[in-house]
Amino acid sequence: MKTLPNAYQLDVFKEIVNTGVGKAAAALNAMLESHIDLAVPSIILFQIDDPKSDLAHLLGTEMSCVQLDFRGSFGGTAALVFPPKSAVKLVASLTGEDPGTPYLNAVMAGTLNEVGNILINGVIGTIGNILKRSFDFSLPNYLEGRLEELLKLEHPSADLTVLLIRTQFKIQDRQVEGSIFLIFEMGSFEAFFTALENLTTLH
Amino acid sequence: MNEIETAAARFSLLDHAPIGQFVLREDGVTLFWNRCLEAWTGINREDLLGVNLLEHFPHLGANKYVQRIADLFHGGPPTIFSSQLHRHIIPAPLPGGKLRAQYTVATSIPGAVPGTWYALFAIQDVTSLTETIDNHRQALQRAMTEMEERRRAEAELVATTEELKRLNRIFKERSIRDGLTGLFNHHYFYKVLNRDFLLAARSGCDLACILLDLDYFKGINDSYGHPCGDQVLKKVAQVIRRTVRQTDIVARYGGEEFAVLLPATDLAGAEVTAEHIRAAIARQNFHLGESSLNVTASLGVASLCAHRPRTPQELLAAADQALYQAKDGGRNCSRAFASDASAATSLFNH
């Protein structure tokens with residue numbers, strides 16, 4: 001049976017996420033002419049096969065997704081997921097260019113890839129920095145498809161645990177909601193929280 | 001072998017890729033600059049390697065680049081610079097002076113010294129993709145604008161047509177009405193008479209006609225003035241309209257002359273109606289300023305079955321003849337066309 005992270009571990013994780021998202025917000029604002037607010041993220045932890053999880057109602061729907069795989073002392077995938085309409089809204093408000101269609105074109109997909117990259121790097125980069133671990137990273141990838149295809153969840157092991165970080169972008173009074181999924185490989189979830197535990201015992 | 005020579009040997013394969021690639025050390029010194037970038041920028045590696053990249057491209061010293069590149073030198077995750085948000089990382093003019101749109105991914109790669117990291121930039125030229133999408137979007141916008149313009153033009157056309165129809169209706173209505181009394185005019189009366197005459201002749205129904213002339217009307221105009229005369233005419237029109245049936249056609253036939261066409265009515269019925277009209281007019285008090293006066297009328301009646309006219313004009317002529325008989329009979333009375341054969345013959349056999 002898997003041991004769930006304790007309150008200290010979760011607190012450390014929350015702090016890492018906050019730092020990372022804050023860093024991402026600063027990077028976005030340095031880059032963009034329009035001011036972008038990133039809400040303090042909420043963090044949800046769930047088993048992949050839990051039918052009552054936040055994920056259940058998203059399965060089967062088409063999503064726009066920016067993802068990055070990481071491999072090292074623990075491995076997995078970080079994915080920023082938007083409903084396609086939100087993705088178009090986000091890119092359109094950042095660039096001021098209305099695509100005229102409800103779909104992202106290749107150039108806009110590149111823009112979303114950059115925004116996702118900044119956000120994911122904020123979180124993953126901060127995890128690496130704080131834990132002083134280095135990872136191998138895949139190239140960031142923009143994909144569209146059903147959530148379970150995107151997150152490779154179609155044949156999950158029953159005890160796969162997913163961390164869901166939910167945040168909101170606010171750009172010039174327009175609200176765009178996005179979710180970052182952190183999906184750990186077998187055994188990596190424990191390794192990750194053990195690393196956090198070691199960090200907490202250090203302090 | 002120095003670091004630049006080592007890099008040249010290590011990255012030589014990148015000279016064969018159709019994407020712009022260069023390698024930076026943490027201090028900003030360029031260690032590798034591939035052939036593709038030489039071609040794009042016109043800057044040869046001899047002029048650029050070993051010096052800080054900012055000397056050639058100072059814009060890269062902006063925070064938005066420095067901050068995001070910094071992590072790469074510590075093994076951080078790849079960083080993307082999209083074409084929409086940055087246009088380009090390395091300005092590379094095309095023939096004609098336009099700059100290439102670039103999509104750039106910078107990744108962390110191990111440095112020559114273990115534990116150090118370089119940043120490898122890979123720049124994709126997305127100019128034609130960007131242009132294709134722009135052209136497509138412009139075409140889409142043009143199409144939308146044209147569609148909107150067409151829709152507006154069509155709406156305007158519909159509005160104009162509606163307005164024309166409305167004016168036409170008003171015009172048509174005016175063309176068949178007498179301006180003073182609002183009754184049908186002479187012209188329209190003839191039109192209906194012609195139509196109803198043919199209908200009646202074919203169906204065997206009767207058709208009656210009453211002609212009415214106000215008695216001594218010239219005297220009213222002379223004593224009270226034309227505006228007062230007009231008031232009388234308007235009132236008489238109302239009285240007639242009120243007295244006849246809805247299906248009867250009432251027209252102002254001339255100055256103080258009125259005509260009533262009574263479809264499916266025989267002579268006897270028309271005589272009754274004529275008498276009703278005469279009595280109603282005689283009863284009516286006409287108030288003209290402070291004075292009031294009474295007016296009488298003479299009426300002549302004729303009908304299709306009673307007098308067998310061959311044309312609508314003959315029916316009217318018969319009614320007119322009867323009207324003269326009423327005038328001769330002392331006015332303020334109605335007469336049917338004299339049915340004796342000699343009169344009829346003299347009337348119709350001209």
### Query
Can you tell if the side chain of B:Pro77 reaches within under 4.5 Å of the side chain of A:Ile120, non-hydrogen atoms only?
no
### Query
Considering only heavy atoms, which portion of B:His74 lies under 4.5 Å from any heavy atom of chain A: side chain, backbone, both, or neither?
neither
### From A:Asn105 atom CG to B:Gln84 atom CD, the distance as rounded to the nearest 0.5 Å
6.5 Å
### For chain B, the option from A:Leu68, A:Asn121, A:Asp136, A:Ile124 that forms the most heavy-atom pairs under 4.5 Å
A:Asn121
### Task
Check whether more than 12 heavy atoms from other residues, nucleotides or ligands sit under 6.0 Å from atom NE2 of B:His136, and answer yes or no.
no
### Query
About how many Å separate CD1 of B:Ile80 and CG of A:Leu112, when rounded to the nearest 0.5 Å?
9.5 Å
### Query
So does B:Lys64 have more than 12 non-hydrogen atoms from other groups sitting under 6.0 Å from NZ?
yes
### Task
Work out which heavy atom in B:Arg68 is nearest to a heavy atom in A:Asn117; give both atom names and the distance.
NH2-OD1, 3.4 Å
### Task
Supply the atom-to-atom distance B:Asp71 CG to A:Lys23 NZ, rounded to the nearest 0.5 angstrom.
4.0 Å
#### Entry: B:Leu167, CG: over 12 other non-hydrogen atoms inside 6.0 angstrom
yes
#### Entry: Contacting moiety of A:Phe135, where chain B heavy atoms sit under 4.5 Å
backbone
### Message
Heavy-atom count check: over 12 atoms from other residues, nucleotides or ligands less than 6.0 Å from B:Arg174 CZ?
### Response
no
### Query
Atom OG1 in B:Thr79, atom CD1 in A:Ile118: separation rounded to 0.5 Å?
8.5 Å
### Message
Apply side-chain contact (heavy atoms from CB on, under 4.5 Å) to residues B:Tyr103 and A:Val107 and explain how you reach the verdict.
### Response
CA-CA 9 Å; B:Tyr103 178 79; A:Val107 170; over 6 Å; no
## Note on the structure
Rounded to the nearest 0.5 Å, the CD atom of A:Glu114 sits from the OG atom of B:Ser83 at a distance of 9.5 Å
### Under 4.5 Å from a heavy atom of chain A, the part of B:Tyr65 involved
neither
## Note on the structure
For B:Thr107, the side chain to side chain contact (heavy atoms under 4.5 Å, CB included) test, sequence neighbours excluded, returns A:Leu139, B:Pro78, B:Val105, B:Ile109, B:Leu120
### Query
If you tally heavy-atom pairs under 4.5 Å against chain A, which of B:Ile133, B:Leu129, B:Asp134, B:Asn63 wins?
B:Ile133
